[in-house]
Number of protein chains: 2
Amino acid sequence: MAATIKDIARVAGVSTATVSRVINNLGGYNEETEKKVMAVSKELGYRKNENARSLVQKSTNTIGVIMPDVTTAFYGDIIKGIEDTSYEYGYSVILTHAGSHGSRIHESMNLMGERRVDGLIIVSVELHESAIQSLTSLGIPYILISTKTDREDTPYMKVDDYSAAYTAVKYLIEHNHRTIGMAGANPHDPIAGEPRMNGYKQALQDYGIKVDLNLIKSGGFNFESGKSAMQAFIEDEAAVTAVFCASDEVALGIISTCYENEIHVPNDISVVGYDNSKVSHMSVPPLTTVAQPLYDMGREGCFEVIAAIQNKSKIESKVIPHELVVRKSVKTVV
Amino acid sequence: MAATIKDIARVAGVSTATVSRVINNLGGYNEETEKKVMAVSKELGYRKNENARSLVQKSTNTIGVIMPDVTTAFYGDIIKGIEDTSYEYGYSVILTHAGSHGSRIHESMNLMGERRVDGLIIVSVELHESAIQSLTSLGIPYILISTKTDREDTPYMKVDDYSAAYTAVKYLIEHNHRTIGMAGANPHDPIAGEPRMNGYKQALQDYGIKVDLNLIKSGGFNFESGKSAMQAFIEDEAAVTAVFCASDEVALGIISTCYENEIHVPNDISVVGYDNSKVSHMSVPPLTTVAQPLYDMGREGCFEVIAAIQNKSKIESKVIPHELVVRKSVKTVV
DNA sequence: GAGTATTACGTAAACGTTTACGTTACGCAT
DNA sequence: ATGCGTAACGTAAACGTTTACGTAATACTC
């Protein structure tokens with residue numbers, strides 16, 4: 001139905017080669033033919049077929065993005081960074097979810113392979129051996145954002161969760177907190193769970209505070225997990241004066257349950273979050289949190305992938321500096 | 001580099017037609033050849049090339065999604081609905097942002113055209129005449145989610161903003177509020193601004209309350225807009241006992257500024273939001289809001305588009321019922 | 001045992017491009 | 001006049017599939 005290059009060639013009385021040349025303006029034709037071809041092209045409502053193009057050029061100008069199926073503001077920022085950058089460089093992004101707990105990860109990668117994406121960005125999903133194999137077998141540049149593997153050769157871009165957690169807890173200690181809980185990290189998650197928990201523990205130890213495992217309420221990174229953690233603290237009658245959360249949403253869960261129980265933040269209890277996602281501005285009180293520069297990570301990660309595609313260069317792993325954003329959810333204990 | 005159907009054919013000693021047949025299992029071959037072909041296929045690490053496939057089949061099994069470049073939880077839910085459904089039906093989604101105020105809308109559509117997406121979903125971006133033309137000129141099924149045009153023939157799926165707003169304000173009135181502010185809608189936005197404002201006004205009028213234009217603080221749908229609206233109410237010394245917000249984020253802005261000024265929600269002032277996005281659960285207090293079923297809208301919208309692709313049927317516009325979700329941000333005036 | 005269906009393939013064109021290579025015509029220097 | 005360079009094209013193959021059509025062999029019918 002849609003007009004093709006052949007149609008233009010026929011109507012304009014030139015060869016398809018010439019049409020292709022003027023459309024991609026490669027030169028090698030005079031002005032008259034250019035005008036003519038352009039005119040016919042408009043007239044027929046021609047629109048180039050990227051698929052056909054990709055076929056011969058062996059590159060699709062497309063980058064794939066795989067992310068978990070949870071929808072949090074967290075991912076929105078990263079995605080935006082990715083999309084902005086890819087747009088700038090003339091790439092399209094094709095998006096897929098990895099399913100809960102990465103259940104769809106293999107299909108996702110397979111799909112990306114069949115679509116012949118030029119590069120791949122994987123956000124926040126934990127990759128096991130077989131997934132890594134699928135990934136490398138694609139033979140295209142890729143980067144992991146906010147996740148990593150235990151293999152040296154898979155490039156990633158993330159903050160150092162251990163020291164970010166350490167920073168947050170240290171901050172609480174410096175504000176005279178001595179009974180500090182932790183909420184929301186899954187200790188079996190080697191990427192974002194375990195290191196944050198270790199950072200928490202180490203900070204306590206370095207300041208001579210004994211780690212009390214009862215003060216660690218593990219769970220997921222979501223709001224509900226924060227709520228039930230706080231519920232547990234209350235039921236335990238734990239004397240926590242502060243809690244460090246594995247994500248901003250967890251922190252909001254803590255705050256929410258506090259509110260329900262008429263515990264005031266930060267007067268009765270201090271809270272620090274993790275991510276500096278949009279919700280951290282919006283909470284009451286505004287949340288003190290350790291910042292991951294999500295948008296920039298998306299941007300830079302995407303840039304790295306595109307650079308690797310174009311220069312056939314290797315992508316180096318990169319640890320992004322974190323930063324503590326101080327707002328109003330922490331109070332000094334007197 | 002990657003193995004093709006031809007490689008398989010050569011190694012397996014059959015024709016490409018046969019390889020194609022077994023790979024797409026269309027029948028017409030005996031078990032032995034099937035085994036053979038499959039074996040060789042695995043051996044060579046064959047992966048089909050969707051682009052080549054698309055070229056001859058004249059369909060890409062791809063659906064395009066265009067959304068604004070603002071990143072809110074709002075879009076996350078819709079996207080998830082879309083991606084889940086398209087995955088179920090074997091479609092891939094290619095995503096693009098329309099840029100601020102739709103500045104990239106033409107490029108976006110053009111891109112979708114060049115990629116030959118089979119269907120298109122446009123979320124929340126306002127479409128002017130020329131954009132509608134680009135859209136229809138693609139000649140593919142499409143649907144607008146959470147937006148519409150003034151033309152009858154562009155199918156959309158959205159809640160009735162007018163009556164949703166009416167419902168919300170009526171709820172406030174029934175709780176004895178008489179001085180009700182409105183925050184965050186842009187009156188020049190004919191899709192989501194004007195109707196919500198009209199619903200607000202009409203509800204007041206129907207209950208014999210005079211509309212006071214000073215109580216309408218227009219703006220965007222974001223957090224900051226809510227903050228400055230509340231700031232304005234305070235500076236005006238307006239005696240509002242409640243404010244109806246054009247989005248949940250605006251509502252959180254209101255609450256945030258209230259908090260800073262030691263105005264208590266809902267004791268001093270009641271707030272109702274709009275969207276029922278994830279943040280509405282997380283606020284303190286939890287937000288009473290009018291719900292748009294975002295995930296379902298994404299799901300259903302995507303389903304409609306796929307159905308239209310496959311049956312060549314027409315998509316009907318659909319008004320989604322709204323619902324008031326009562327939480328804790330509204331108090332009865334005594 | 002002649003005719004007919006059916007099974008199991010193979011051949012080759014087609015999808016819409018790009019691009020290496022060839023060709024023509026002209027301009028210009030010698 | 002000869003040679004050469006170059007601008008402005010055209011020819012045709014190639015990219016990796018699908019699929020209409022043809023064909024050979026076998027099975028079945030009466």
Side-chain angles (χ1 to χ4, degrees), chain A residues 1-38 40-41 44-62 90 110-111 113-118 138-139, chain B residues 1-38 40-41 44-62 90 110-111 113-118 138-139:
Chain A
M1 193 98 310
T4 77
I5 222 183
K6 290 184 188 172
D7 298 325
I8 300 181
R10 185 163 29 78
V11 176
V14 296
S15 74
T16 61
T18 297
V19 176
S20 176
R21 281 189 270 257
V22 357
I23 282 176
N24 299 297
N25 53 332
L26 304 175
Y29 45 83
N30 69 25
E31 271 193 50
E32 285 174 49
T33 39
E34 180 178 358
K35 303 286 183 205
K36 181 74 180 167
V37 168
M38 284 311 218
V40 176
S41 169
L44 301 185
Y46 172 75
R47 201 184 317 257
K48 67 181 151 193
N49 185 326
E50 269 295 340
N51 291 316
R53 215 148 180 269
S54 299
L55 188 56
V56 17
Q57 297 199 141
K58 291 167 170 312
S59 114
T60 55
N61 276 37
T62 280
N110 200 38
L111 182 150
E114 295 180 354
R115 297 277 175 199
R116 294 293 193 272
V117 296
D118 292 337
L138 292 179
Chain B
M1 191 99 308
T4 77
I5 223 183
K6 290 184 189 173
D7 298 325
I8 300 181
R10 185 164 28 78
V11 176
V14 296
S15 73
T16 61
T18 297
V19 176
S20 176
R21 280 189 271 256
V22 356
I23 282 175
N24 300 297
N25 53 329
L26 304 176
Y29 44 81
N30 70 24
E31 272 194 49
E32 286 175 48
T33 40
E34 179 177 358
K35 303 284 185 206
K36 181 73 179 169
V37 168
M38 284 313 219
V40 175
S41 168
L44 301 186
Y46 173 75
R47 200 183 319 256
K48 67 180 154 195
N49 185 326
E50 270 294 339
N51 291 315
R53 213 146 182 272
S54 298
L55 188 56
V56 16
Q57 297 199 143
K58 289 166 169 317
S59 113
T60 55
N61 277 36
T62 279
N110 200 37
L111 183 149
E114 295 180 354
R115 297 277 176 199
R116 294 292 193 272
V117 296
D118 293 338
L138 292 178

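Just the heavy atoms: all of them, side chains too, but no hydrogens, waters or symmetry mates, feed the values below. Order of the sequence lines fixes the chain letters, A, B, ..., with proteins taken first and strands second; residue numbering starts at 1 for each chain.
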> What integer distance in Å separates A:Gln57:CD from C:dT18:C1'?
7 Å

> Who passes side-chain contact (heavy atoms from CB on, under 4.5 Å) against B:Val40, sequence neighbours left out?
B:Ile8, B:Val11, B:Ala12, B:Lys36, B:Leu44

> Test of understanding: with side-chain contact (heavy atoms from CB on, under 4.5 Å), list the residues that count as partners of B:Arg47, not counting sequence neighbours.
A:Asn110, A:Glu114, A:Arg116, A:Ser137, A:Leu138

> May I ask you to list the residues of residues 16-38 of chain B, by number, that have any heavy atom positioned under 4.0 Å from an atom of DNA chain C?
B:Thr16, B:Ala17, B:Thr18, B:Arg21, B:Gly28, B:Tyr29, B:Asn30, B:Thr33

> In the structure I gave you, are the side-chain heavy atoms of B:Tyr46 and B:Ile23 within less than 4.5 Å of one another anywhere?
yes

> I'd like to check the side-chain hydrogen bond (donor to acceptor under 3.5 Å, both in side chains) partners of A:Arg21; sequence neighbours left out, ordered by chain and number.
none

> What is the distance from NZ of B:Lys6 to P of C:dT11, rounded to the nearest Å?
14 Å

> For A:Thr16, enumerate each residue passing the side-chain hydrogen bond (donor to acceptor under 3.5 Å, both in side chains) test, keeping only those at least two apart in sequence or located in another chain.
none

> Respond yes when some side-chain nitrogen or oxygen of A:Ser15 is under 4.0 Å from OP1 or OP2 of D:dG10, and no when none is.
yes

> Roughly how many Å is it from NZ in A:Lys48 to P in C:dG16, rounded to a whole number?
16 Å

> Round to a whole Å and report the spacing from CD1 of B:Ile5 to P of D:dC15.
14 Å

> Can you see which heavy atom on A:Ser15 is nearest to which on A:Ala9, and at what distance?
C-CB, 3.8 Å

> To the nearest Å, how far apart are B:Leu55 CG and C:dA13 C1'?
13 Å

> What is the separation between atom CD on A:Glu114 and atom C1' on D:dT17, rounded to the nearest whole Å?
13 Å

> Quick one: is C:dG16 close enough that its OP1 or OP2 comes under 4.0 Å of any side-chain N or O from B:Lys58?
yes

> What pairs with A:Asn30 under side-chain contact (heavy atoms from CB on, under 4.5 Å), at least two apart in sequence or on another chain?
A:Glu32, A:Thr33

> Which angle, to the nearest 10 degrees, lies between the helix axes at the two ends of the helix from C:dG1-D:dC30 to C:dT30-D:dA1, each defined by five pairs?
50°

> Over how many whole Å does the gap from B:Asn49 atom CG to C:dC15 atom C1' extend?
13 Å

> Does A:Ser54 have any side-chain contact (heavy atoms from CB on, under 4.5 Å) partners at least two apart in sequence or in another chain, and if so, which?
A:Glu50, A:Thr60, B:Asn51

